[in-house]
Each structure stands twice: as structure tokens, then as C-alpha cells.
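What follows is a set of notes on a single structure, which appears directly below.
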Amino acid sequence: MKEKLTGIIKSALGELAAEGLVPGGGAEPQLSIPKHEGHGDYATNVALSLAKSAGKPPRAIAEALAEKIGDGGGLLSRVEIAGPGFLNFFLRKAGLFDVVKRIEEQGDAFGRVDAGAGRRVLVEFVSANPTGPLHVGHGRGAVQGDALASVLAAAGYAVAREYYVNDAGVQIQNLGRSTFLRYRQLIEGRDEPLPEGLYQGDYIRDHARALREERGDGVTEDDVPEISQWTAQRILAEIDGDLGALGVRFDGYFHEHTLYDAGAVDRCLDDLRARDLAYEQDGALWFRTTKFGDEKDRVLVKSGGEKTYLAADIAYHADKLRRGYDELIDIWGADHHGYIPRMKAAIEALGKNPDTLSVMLIQMVSLLRAGERVSMSTRAGEFVTLRDLTDEVGADATRFFFLMRRYDSQLDFDVDLAKEQSNKNPVYYVQYMHARVCSIYAKMAQEGRAAPAPSDEDFARLTEPEEAQIAQFLAELPDVVARAAQSREAHRLTTYLSDLAGMFHPYYFKHRVLVDDERLMSARLRLCTAVRQVTRNVLGILGLSAPETM
RNA sequence: GCGCCAAUAGCUCAGUUGGAUAGAGCAACGGAUUUCUAAUCCGUAGGUCGCAGGUUCGAGUCCUGCUUGGCGCGCCA
């Protein structure tokens with residue numbers, strides 16, 4: 001419907017351009033659903049946006065355009081020119097419910113678009129060091145990354161999800177040391193704080209205990225490197241479990257150590273050196289990031305000979321590009337924003353447009369309990385783990401709350417609200433929409449009533465304004481998906497669902513579906529079923545369940 | 001000092017990429033239940049879109065400056 005109308009406007013514009021009234025080759029006309037009823041079913045501001053380049057008053061253009069469009073080949077009941085030059089379109093009712101048929105035909109595929117045209121995108125997210133449990137902040141990045149990947153997939157991109165595991169370097173050695181020291185303490189019956197810089201958390205004791213059970217008392221200092229990997233693997237398995245409980249899955253885990261094993265980091269450094277993008281100074285190797293707009297150059301190899309994270313990160317991103325991805329999306333915590341210029345520099349040094357990489361910074365999360373901020377300090381061990389949160393409020397609510405807000409503004413996560421099994425909780429408001437439609441079918445089954453054979457003429461019976469509004473909103477989904485993918489804002493779909501529920505529930509309350517008039521019943525049932533299908537599709541993209549009963 | 005993000009109703013936030021009279025939920029107040037599930041619905045009230053300029057037919061949205069809050073600015077990871 002919307003596409004048809006857009007096409008009609010475009011061809012009318014083409015005719016006007018041929019007559020020299022407006023410049024040709026204009027952009028896609030914007031069609032929107034007006035906020036106010038009197039402004040029609042769809043409206044466009046093309047006349048306003050063309051006024052300047054055409055050098056004509058907007059109303060004159062609008063009038064000429066309206067004349068060309070006429071009744072839009074039978075699609076429109078009328079066209080009005082309003083305000084400064086808006087064109088308001090009033091649709092003939094017959095076509096309004098075409099979308100229901102389309103949803104029936106496309107089923108789970110409705111809402112998918114091909115805006116991405118199969119472009120290959122790698123979304124890298126979480127990538128937390130395997131040195132401890134995930135906390136709540138990681139959870140937001142995890143859910144955002146997972147949902148964004150789904151959104152992009154729905155928008156026609158070929159998406160892969162990846163977790164980069166930092167399993168080489170000092171912090172992993174520290175991890176192994178921490179496990180080893182706790183292990184010794186366990187054997188010797190002591191319990192005292194570990195030296196500065198090591199991991200103090202209780203979970204280390206658990207791993208030490210497991211180590212003793214598995215290997216007995218004979219592990220020595222020399223085994224620390226191996227214990228490091230052993231512990232990291234155990235922690236990674238836990239992280240994987242925590243993410244799985246939230247419904248977050250990855251297509252691959254990329255281990256940093258494989259870059260070193262394959263000599264990829266050294267090759268990368270040699271390459272930078274050969275192209276004079278890296279230089280020695282004060283015994284260290286520096287990356288000329290200032291050449292690409294960074295404030296200062298950055299160290300790749302410390303004077304002690306250790307390679308920095310940056311060195312490995314460059315090799316890692318080189319590997320991503322080598323694997324043929326057209327776009328790279330990295331999802332980081334907002335506290336890493338200072339790292340962006342050097343990674344952009346790296347992409348440019350690798351011979352790509354820096355825009356190939358986009359970094360999404362996920363802002364901080366505060367937990368709210370009884371209206372109070374829960375203090376979170378990783379250092380003091382006072383952070384709330386992601387697993388605790390998921391267990392407490394459930395996966396659906398956790399995901400929904402992380403997806404309700406724009407990722408780039410700080411989030412207050414109200415734990416009490418998320419837990420509440422009541423109308424205050426927005427998760428249920430949306431899921432209930434799905435369950436309610438299911439309950440219609442349950443009632444029909446109970447009464448031994450079958451759905452009447454569908455006939456498209458029945459749609460003429462849908463005369464309530466709410467019915468037209470809902471159908472029209474359902475038709476918006478493909479656009480919403482496309483916009484969400486383009487702007488990389490998964491929360492648009494959450495908002496869409498909440499808005500749909502805000503139309504559906506009042507309608508459901510006010511009008512009955514199972515009425516005696518079979519033709520009306522059939523039409524309403526199909527509309528409601530379309531609502532259910534759309535709800536299910538969007539919940540699916542967001543990684544939430546669509547319950548049949550609640 | 002420099003940089004990044006934010007600022008919209010009492011609270012938590014949307015706002016279709018610059019459009020028409022700024023919208024939801026919660027909280028408050030008043031109402032609806034013989035119903036396909038009330039985890040629902042209807043109504044009332046609530047606003048100088050942080051402040052000041054600018055851009056134009058038109059700004060919550062774009063630009064500049066300020067204010068406030070959060071986060072960064074290592075041969076840490």
C-alpha cells in the first residue's frame with residue numbers, strides 16, 4: 001500500500017519534472033502517518049522540501065502534484081493540501097487491509113527487508129576478559145549486540161556474532177597465579193588476601209578447589225601458565241552459560257592466542273614498520289595514529305618487549321577484514337571510548353575506509369532497588385553479576401529492559417519493576433498481546449467453533465477506526481526494521497511493540513472477535529491473527545518468548 | 001585542561017532522521033469486571049523540550065557557546 005503510493009507520487013513528480021516545474025532526480029518522497037486524524041491516512045512533505053530547489057511556493061507545487069496524482073488509480077478517496085503544503089492522502093478503505101493478507105502469506109518472514117542486500121557484517125560484542133563473572137553492564141552490551149545482530153539479519157544483512165577472547169597476556173597470567181595461590185592456601189589451610197593486582201573474588205577459590213580435586217596436591221609454580229589457560233577456559237564456560245541463560249549466542253569465539261600462535265601479530269607489526277606507520281622510540285614500538293587524527297601515537301610493543309592489547313587488536317581486525325566482512329561493528333562499554341580513534345586509525349592503516357568499522361558505545365547501567373542505586377564497585381567485589389540478575393528477574397524481562405532504551409544513554413534498571421508480575425511491567429503488556437490472541441483460539445476450540453473460510457470481501461466489515469489504525473501500523477513493520485538496522489537502534493522495535501500493544505489492547509477490550517456474524521468474526525480474527533504474527537516476529541527478533549498463555 | 005555521551009511531564013523514557021496542536025508507561029485522582037484472560041480498558045491532571053544565540057517557510061531534532069550529570073584522557077587491561 002505504502003509502496004504503491006510512494007510509486008504514484010514518484011511518477012507524478014517525474015511528470016512535473018518533465019514539464020520543468022520541479023527539478024528531476026529528487027530523493028525518495030517521505031511518507032508518514034500523520035498524528036492527527038484529520039490529516040489523512042498518509043501524508044508527505046515533498047512539496048515543502050522541493051520548494052527551495054524549484055524556486056516555487058510549496059502550495060503551488062502541492063497543487064500541481066495533487067492534480068497529477070488524482071485518485072491514484074483508484075487507491076485514494078481524496079487528496080488534500082493542508083498547512084504550508086502538506087499533501088494528505090485519504091485511502092479508499094478497500095486497500096487498507098491488504099496488509100493482513102500479506103502477513104498471512106509471509107508469516108514469520110513478514111517484516112524482513114533486503115536493505116542490507118546480503119552485505120556481510122561482523123558484530124563483535126561482550127568480549128569480556130575471561131577472568132571473572134560477567135556483571136550487569138556486560139549484560140546490556142550482550143543483549144544489545146545480540147538483538148542488533150538479529151535486527152541486521154532481518155534487514156537482509158549476512159550477520160555473524162563473535163566474541164573475542166583475550167586469553168593471552170598479563171591478566172591471564174595473573175588469573176593463573178591467583179588460582180595457584182588460592183590452591184596453595186587451600187592445601188596449607190590458610191586464607192589471606194592475594195598480592196596487589198591479582199583477582200580477589202570468591203570465584204577464584206572455587207576454581208582452586210576444583211583444581212585440587214582434579215589434580216591433587218602436586219601442582220607447582222611451573223604449572224602456572226597452564227593453570228592460567230585452565231582457569232580461563234572454566235570461566236569462559238561459565239560466561240557462556242550466563243549468556244546462554246539470557247538467550248545470547250555466538251557464531252564464533254575468536255581466541256587472541258591464535259593470533260600469536262600463527263605469527264599474525266608479528267606480521268602485522270612488520271607490515272606497519274615497512275610502511276613507516278610504526279617507529280622505534282625510547283625502546284618501544286609506536287603506531288603513528290596521529291597520522292590518522294589521533295591525539296598522540298600509541299605503543300604497540302613496550303620497551304620490555306611485551307606487546308600491547310592494541311597490537312593484537314590490530315591483528316584481530318585485520319583478520320576480520322581478511323575474512324571478507326564488508327562492515328565491522330564493535331560493541332564496547334562507554335568507558336572505552338578513548339580507544340576509538342586508535343582503532344579507526346588501525347582500520348585506515350589496513351587500507352580500509354575507517355567507516356568500515358563502527359563502534360557502538362553502550363552507556364553505563366545503574367541498578368535500582370527500592371528506588372535506591374545499588375552501589376557497584378568491581379574493585380570492592382560489590383558488583384551484581386549478570387547471572388544473579390537474570391535468575392532474579394528472568395531472561396525476558398532482563399532482555400526487554402536492556403532493549404527499552406537507546407543504547408547511548410545511561411540506563412537505570414529498576415529491578416523491582418522488572419520483577420513485578422503486574423500491569424506495571426511493560427514486558428507483560430507486550431507479551432500479553434500475543435497471549436490474548438491465542439486465547440481467542442483457545443475459546444474457539446473449547447466451543448468447538450471453527451474459523452470461517454476467509455474471504456477478502458469480509459474486510460469491508462472492518463469499519464472501526466481502531467481496525468484501520470492497527471492494520472496501518474502493522475504495515476509499518478518493514479520500515480521500522482529497516483530504520484532500526486540503518487540507525488543500529490534495536491530499541492526501535494521495542495518501542496514499536498509497545499505502541500502496537502497500546503493500540504491492540506484497547507481494541508480488544510472494546511470489540512469482540514467471536515461474534516455471531518461469521519463474516520465480521522472472520523475479518524476480525526484475521527486482523528488479530530496478523531497482530532499475533534507481527535508480535536511473534538518482533539519478539540523473535542528481540543530474542544523474547546511469545547507466550548501462548550499468561 | 002581536552003575529549004565522548006546525555007539533559008523532554010513528579011519519576012523512567014519515546015519522538016518516524018527538519019514537519020502540522022511534543023507522546024507513552026509509572027506515580028496521583030475518578031471510573032469500568034455476567035464478556036474471546038482485568039497482566040486489560042476509559043477519563044482527569046501534569047510541559048519555557050537544561051540556558052542563550054544562530055541556520056529557514058518550519059527546530060525537541062541541525063550549528064555555536066554556556067550549565068549540569070556520567071565516563072574517559074597510561075610503555076593498564
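Here the structure is a predicted model, which is why all the values come from computation and not from measurement. A, B, ... follow the sequence lines: proteins, then strands. Residue 1 opens every chain. Hydrogens, waters and symmetry mates are skipped; everything else that's a heavy atom, side chains included, is used.
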Regarding [X], tell me which of base, sugar-phosphate or nothing describes its non-hydrogen contacts under 4.0 Å with the strands shown.
X: A:Arg436; result: sugar-phosphate
X: A:Ala442; result: nothing
X: A:His511; result: base
X: A:Thr549; result: base
X: A:Asn88; result: base

Salt-bridge contact [X]-[Y] (side-chain N to carboxylate O under 4.0 Å):
X: A:Asp266; Y: A:Lys307; answer: yes
X: A:Asp517; Y: A:Arg461; answer: yes
X: A:Lys443; Y: A:Glu447; answer: yes

Mapping A:Ala82 and A:Tyr441 onto RNA chain B by nearest heavy atom, which one lands closer to the 5' end?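 Counting from the 5' end, the first nearest nucleotide belongs to A:Ala82.
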Hey, which of these two, A:Phe86 or A:Ala284, hits RNA chain B nearer its 5' end, going by closest nucleotide?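 It is A:Phe86, whose closest nucleotide lies nearer the 5' terminus.
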If the [atom1] atom of [N] is compared with that of [M], how far apart are they to the nearest Å?
N: B:G18; M: B:A7; atom1: P; answer: 16 Å
N: B:A28; M: B:C11; atom1: P; answer: 15 Å
N: B:G15; M: B:C62; atom1: P; answer: 12 Å
N: B:G60; M: B:C71; atom1: C1'; answer: 25 Å
N: B:A59; M: B:U17; atom1: C1'; answer: 13 Å
N: B:A14; M: B:C49; atom1: C1'; answer: 13 Å
N: B:U44; M: B:C66; atom1: C1'; answer: 40 Å
N: B:U35; M: B:G50; atom1: P; answer: 48 Å

Does the side chain of A:Lys302 get closer than 4.0 angstrom to OP1 or OP2 of B:A77 through an N or O atom?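 Yes, within the criterion.
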What residues, two or more places apart in sequence or in another chain, satisfy side chain to side chain donor-acceptor pair (under 3.5 Å) together with [X]?
X: A:Asp479; value: A:Lys2
X: A:Arg342; value: none
X: A:Lys510; value: A:Glu466
X: A:Arg536; value: A:His434

Euclidean distance, atom [atom1] of residue [X] to atom [atom2] of [N] [Å, nearest integer]:
X: A:Lys307; N: B:C75; atom1: NZ; atom2: P; result: 18 Å
X: A:Tyr429; N: B:G25; atom1: OH; atom2: P; result: 7 Å
X: A:Glu464; N: B:C41; atom1: CD; atom2: C1'; result: 15 Å
X: A:Glu306; N: B:G74; atom1: CD; atom2: P; result: 18 Å
X: A:Leu310; N: B:A77; atom1: CG; atom2: P; result: 11 Å
X: A:Leu403; N: B:U12; atom1: CG; atom2: C1'; result: 16 Å
X: A:Ile340; N: B:G3; atom1: CD1; atom2: C1'; result: 11 Å
X: A:Leu300; N: B:C76; atom1: CG; atom2: P; result: 13 Å

I'd like to check [X] versus [Y] (side-chain heavy atoms, cut-off strictly below 4.5 Å). Are they in contact?
X: A:Thr6; Y: A:Pro29; value: yes
X: A:Thr535; Y: A:Phe504; value: no
X: A:Asn88; Y: A:Arg78; value: no
X: A:Ser178; Y: A:Tyr203; value: no

Check whether A:Phe287 forms a cation-pi arrangement with A:Arg298 (NZ or CZ under 6.0 Å from the six-membered ring centre, at most 45° off the ring normal).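 No, A:Arg298 does not sit over the ring of A:Phe287.
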RNA chain B-proximal residues of residues 503-510 of chain A, any heavy atom under 4.0 Å: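 Nucleic-acid contacts, sorted: A:His505, A:Pro506, A:Tyr508, A:Phe509.
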Among B:C4, B:C36, B:C5, the nucleotide that comes nearest once only the side chain of A:Asp408 is considered: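 Closest nucleotide to the A:Asp408 side chain: B:C5.
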What nucleotide, of B:C75, B:C13, B:C36, holds the atom closest to the side chain of A:Ser439?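 Per side-chain heavy atoms of A:Ser439, the pick is B:C36.
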Sub-3.5 Å pairs of nitrogen or oxygen atoms, protein against nucleotides 14-17 of chain B:
{"unit_1": "B:A14", "atom_1": "OP1", "unit_2": "A:Arg406", "atom_2": "N", "d": "2.7"}
{"unit_1": "B:G15", "atom_1": "OP1", "unit_2": "A:His491", "atom_2": "NE2", "d": "3.1"}
{"unit_1": "B:U16", "atom_1": "O2'", "unit_2": "A:Arg483", "atom_2": "NH1", "d": "2.9"}
{"unit_1": "B:U17", "atom_1": "OP2", "unit_2": "A:Gln30", "atom_2": "OE1", "d": "2.9"}

For B:U17, is chi within 90° of 0 (syn) or not (anti)?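 Syn conformation here, the glycosidic angle of B:U17 being no more than 90° from 0.
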Under 3.5 Å between N/O atoms: give me all the protein pairs with nucleotides 70-73 of chain B, atom names plus distance.
{"unit_1": "B:C71", "atom_1": "O2", "unit_2": "A:His337", "atom_2": "NE2", "d": "3.3"}

Not counting sequence neighbours, which residues clear ring pair (Phe, Tyr, Trp, His ring centres under 6.0 Å) with [X]? List them please.
X: A:Tyr199; value: none
X: A:His336; value: none
X: A:Phe401; value: A:Phe413
X: A:Tyr164; value: A:Tyr316

Contiguous pairing runs of three or more, Watson-Crick or G-U under 3.5 Å, that involve RNA chain B: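 So the stems come out as B:1-7 with B:67-73, B:10-13 with B:23-26, B:28-32 with B:40-44, B:50-54 with B:62-66.
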